[in-house]
Peer 1: 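My questions will all concern the structure given below.
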Amino acid sequence: MPSPARTLIVGSRRGFWLVIFICLSDTALPLREASAPSCTDNSHGDPKLPRGTANSFETNHTKRSFPVLHFNYEHVRIPFEISLWILLASLMKLGFHLVPGLSSVVPESCLLIVVGLLVGGLIRVGGEKPPVLDSDLFFLCLLPPIILDAGYFLPTRPFTENIGTILMFAVVGTLWNVFFMGGVLYAVSQAGGPYLGSMDLVPCLIFSSIVSAVDPVAVLAVFEEIHINELLHVLVFGESLLNDAVTVVLYHLFEEYVGVDSVSVLDVCLAVLCFFVVSLGGVLVGATYGILAALTSRFTSNLRVIEPLFVFVYSYMAYLSAEVFHLSGIMSLIACGVVMRPYVDANISHKSYTTIKYFLKMWSSVSETLIFIFLGVSTVAGPHSWNWTFVTVSILLCLIARVLGVVGLTYIINKFRVINLTGKDQFIVAFGGLRGAIAFSLGYLLKEEHFPMRNMFLTAIITIIFFTVFVQGMTIRPLVELLAVKRKHESKHSINEEVHTQVLHHLLAGIEGVCGHYGHHHWRDKLLRFNKRYVKRYLISGERSREPRLVAFYNKMELRHAMELLESGAGAGARMPSVPSTASLQSFQSRVPASSRAAPQISKEVEAEIRNILRANLQKTQQKLHSYRRHTLVGDPFEDNLQERLLEKQRAELGRRMSVFLTDQPQDSPSRTRSRPPAATQTKARIPAIQEHLPFP
Amino acid sequence: MGTFLSLPSQQEFQDLAEKTGFSLEQIGILHRRFTQLSHGEATLRREDFKTIQDLSCNPIRCQIIEAFFDKRNLQKNGKGSVQEIGFEDFLTIMSYFRPPRLHMTEEERAGMRREKLRFLFNMHDTDNDGTITLEEYRHVVEELLSRSGALGKETAKAIADAAMLEVASISVGHMEPDEFYEGITFEHFLKIFNNIEIETKMHIRFLNMDTTTLCT
């Protein structure tokens with residue numbers, strides 16, 4: 001590396017750490033101010049104020065010099081602190097990526113927890129009490145963006161294909177974990193005697209119900225970086241989302257019955273009923289808000305600017321509404337995102353789509369960072385009550401219960417699945433069961449008077465979280481490579497794949513019809529037809545509602561090619577990167593057998609109509625990248641300042657392509673076409689160019 | 001009228017099971033379905049397929065029905081199609097849709113892939129010349145879009161052209177100006193599906209228990 005560049009990088013890194021240091025000291029300062037003794041009167045205790053003002057209360061209007069500078073921190077304290085925390089979190093994230101090689105060895109979540117520990121330690125050293133992760137803050141502010149991001153970009157196809165497996169793992173697996181762990185803990189505590197103290201069954205059960213659920217935040221944070229294949233990703237991730245209902249029901253159930261001696265059959269039945277109500281109710285609430293959002297987006301064509309707002313607000317309302325009735329907020333949010341997405345995507349403008357995508361990624365990223373940092377800080381804050389036996393037993397039980405659960409369930413599930421889960425798959429599923437901040441927050445919500453050993457629980461929960469995130473999170477990447485687990489294919493979906501996927505879908509649905517057996521393909525086909533005939537009409541505006549999927553895909557692809565042309569050919573006069581030169585297409589066309597060459601020329605009216613159709617589609621289509629990974633947003637070529645040149649290029653490109661497709665004779669000799677720059681002024685002379693400006697709505 | 005279908009013996013079923021890889025229960029169920037479709041006769045004709053309700057709204061039903069009668073899929077010699085198929089032929093076609101077994105070697109998997117892709121290829125290559133030409137591809141896309149009305153034909157043409165271009169660029173790479181892309185051969189066809197694991201996608205669940213009485 002040349003030396004000026006190197007000094008620049010070193011200098012920037014040094015400067016960066018300097019900024020971090022200042023930030024940290026700034027964070028400590030307001031907290032100290034916050035807990036400055038007693039009064040909130042802003043004129044107290046500050047040496048900067050001129051002395052006259054301190055006396056202004058006692059004396060009546062003695063003349064004092066006009067204060068030039070005020071200091072009124074209390075006024076802005078809370079937003080100021082929140083902003084500082086967010087800034088700190090984001091700077092930390094930035095820092096990790098500046099250090100080369102660090103993020104490929106240690107997952108970000110671990111680093112952030114360590115940073116949280118450091119910050120907590122600093123604050124404590126500064127003499128203050130570090131803030132604890134407030135459960136309200138967590139459940140109402142930090143968790144929803146992450147879940148919405150996950151739900152909105154959920155890969156619905158693999159999710160619905162494996163929904164049976166996912167539900168088995170989420171419901172039956174979690175139940176098994178809870179009761180196995182609770183039962184064994186109870187037995188150990190009865191037998192353990194002096195080390196453990198005797199605990200009742202219900203506290204054991206509530207502890208295990210808090211700890212058993214796989215956490216979506218932790219799973220997302222770790223799995224995003226290891227790129228395993230779609231099936232495993234969707235299994236573990238889907239399980240972490242859907243087990244929320246089970247956790248909610250069990251938690252409230254055990255909390256209700258903490259003092260009660262016996263549990264009757266009626267209570268158990270009510271609990272089962274409650275589970276169905278919680279989960280299905282959550283989904284229903286989410287779906288309702290999703291349909292409302294889709295309906296609203298149908299009418300926003302005149303006011304594009306607030307389209308993203310509707311998406312966010314409706315989703316958040318879905319979450320809050322579900323929380324009001326103690327239904328599963330996570331399932332509600334997922335249902336809302338999944339239901340609203342196809343319709344909203346068809347209705348909103350391209351810029352709104354980009355805005356939604358970026359905002360969701362940004363918020364969820366910040367949320368996740370804050371959660372992990374706060375986990376670290378809360379660990380330092382305590383209160384702790386360390387009990388070796390309890391902690392080691394619970395960690396062991398966590399692992400054992402998970403492994404046994406996964407193996408046992410897979411054995412049963414494989415009897416019903418067509419594609420069986422192999423041993424490697426089972427290992428990844430078991431190993432990927434990470435616990436995270438949800439467990440901590442739920443534990444924090446336990447009341448001291450009902451659960452005297454709450455501090456012990458909290459310590460154990462934190463230790464388990466640390467264990468799973470650090471040990472499992474760090475080792476999963478080398479293990480995935482060691483076991484040669486199938487990774488995700490990073491390929492762009494080509495038009496051929498799309499055509500053949502659709503052919504395959506129809507073929508399989510047809511064969512199922514011939515066999516007389518209504519399987520997955522049949523029902524999916526029915527749902528798509530129902531959607532097309534009844535639902536799309538009301539929820540999608542304009543003529544997009546009748547556009548078949550293949551055509552939409554094709555238009556997107558054309559747009560993408562035009563974009564690539566712009567990117568690669570800007571000023572360089574290069575050829576199209578991924579599509580062969582039109583020369584080869586011309587030779588392709590010109591060798592068509594003589595009989596079809598005599599086919600009549602397409603009339604001018606049809607030509608104009610085709611051009612209109614293609615232009616209209618260009619105006620409305622959007623670019624959709626497979627974007628359900630947060631850390632690496634695929635570079636989006638849609639930049640505002642390129643739009644004008646983009647449109648120029650598109651027009652030229654479109655003209656060139658159409659001239660080839662529509663006329664049978666090659667317009668020019670191949671070599672001459674290729675040597676010309678792609679601005680293609682030639683084509684404008686041959687066919688009437690598209691005169692109108694193509695605005696992107 | 002035609003010969004009535006006599007109930008095949010256990011031995012015949014056993015032979016069929018070994019040949020096609022289905023289990024005995026699955027063969028029994030498929031046999032019942034065959035009998036239902038053929039109204040008791042020993043062979044199926046194209047008209048029998050047309051009575052199936054679910055196929056009527058399928059955009060590519062003609063190709064699916066043709067695939068059943070295609071000699072290449074039935075592993076008979078020669079080209080063209082037959083007029084009627086027996087139960088064994090029915091099973092042969094169905095065996096293309098079996099899921100991969102749990103413990104398959106890499107070669108077995110690759111073999112199964114080729115078979116399934118061969119079936120798909122034959123579906124598109126209607127004139128039996130071994131390549132999918134532009135016309136045939138256009139026909140495929142038109143069928144897919146056949147429910148979109150007038151828009152379908154023109155856009156189908158454009159889509160098919162773009163798709164052929166893409167296959168050409170994947171398989172042949174850069175082409176000289178006077179080179180000519182004949183059509184998609186089977187090898188090029190395989191390349192399209194490099195990223196799609198066809199053996200895990202192209203299968204249906206064959207039941208071991210009978211539910212055919214519920215359907216038309």
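In the text below, chain A, chain B and the rest are named by the order of the sequence lines, each starting its count at 1. Note: hydrogens, waters and symmetry copies are ignored here, and every other heavy atom, side chains too, is used.
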Peer 1: By a 4.5 Å heavy-atom criterion (distance strictly below it), what part of B:Ile159 contacts chain A: side chain, backbone, both, or neither?
Peer 2: both
Peer 1: Please enumerate all residues that pass ring pair (Phe, Tyr, Trp, His ring centres under 6.0 Å) together with B:Phe49, with sequence neighbours excluded.
Peer 2: B:Phe68, B:Phe69
Peer 1: So, for B:Leu30 and A:Cys515, which heavy atoms are closest and what is the spacing to 0.1 Å?
Peer 2: CD2-SG, 4.0 Å
Peer 1: Restricting to non-hydrogen atoms, name the atom on A:Val503 and the atom on B:Met123 that form the minimum distance, rounded to 0.1 Å.
Peer 2: CG1-CE, 4.3 Å
Peer 1: Quick check on B:Leu120 against chain A: is it the side chain, the backbone, both or neither that has a heavy atom closer than 4.5 Å?
Peer 2: side chain
Peer 1: Between A:Arg529 and B:Cys57, which heavy-atom pair has the shortest distance, and what is it?
Peer 2: NH1-SG, 3.1 Å
Peer 1: Can you tell which part of B:Tyr96 gets under 4.5 Å to a heavy atom of chain A, answering side chain, backbone, both or neither?
Peer 2: neither
Peer 1: Can you tell me how far the CG atom of B:Leu117 sits from the NE2 atom of A:His500, to the nearest 0.5 Å?
Peer 2: 9.5 Å
Peer 1: Is there a donor-acceptor pair under 3.5 Å between the side chain of B:Arg61 and the backbone N or O of A:Gly510?
Peer 2: no
Peer 1: With only heavy atoms counted, which part of A:His506 is less than 4.5 Å from chain B, the side chain, the backbone, both or neither?
Peer 2: both
Peer 1: Grab the two heavy atoms, one from B:Met94 and one from A:Ile511, that are nearest each other, plus how far apart they are.
Peer 2: SD-CG2, 4.0 Å
Peer 1: Show the nearest heavy-atom pair for residues B:Leu37 and A:Val514, with the distance to one decimal.
Peer 2: CD1-O, 3.8 Å
Peer 1: Give the minimum heavy-atom separation between A:Leu507 and B:Ile60, together with the two atoms involved.
Peer 2: N-CD1, 3.8 Å
Peer 1: Tell me every residue that passes side-chain hydrogen bond (donor to acceptor under 3.5 Å, both in side chains) with A:Asn229, counting only those two or more places apart in sequence or in another chain.
Peer 2: none
Peer 1: Counting only heavy atoms closer than 4.5 Å, note whether A:His505 contacts chain B via side chain, backbone, both or neither.
Peer 2: neither
Peer 1: So with a 6.0 Å cut-off around CD of B:Glu108, is the heavy-atom count from everything else above 12?
Peer 2: yes
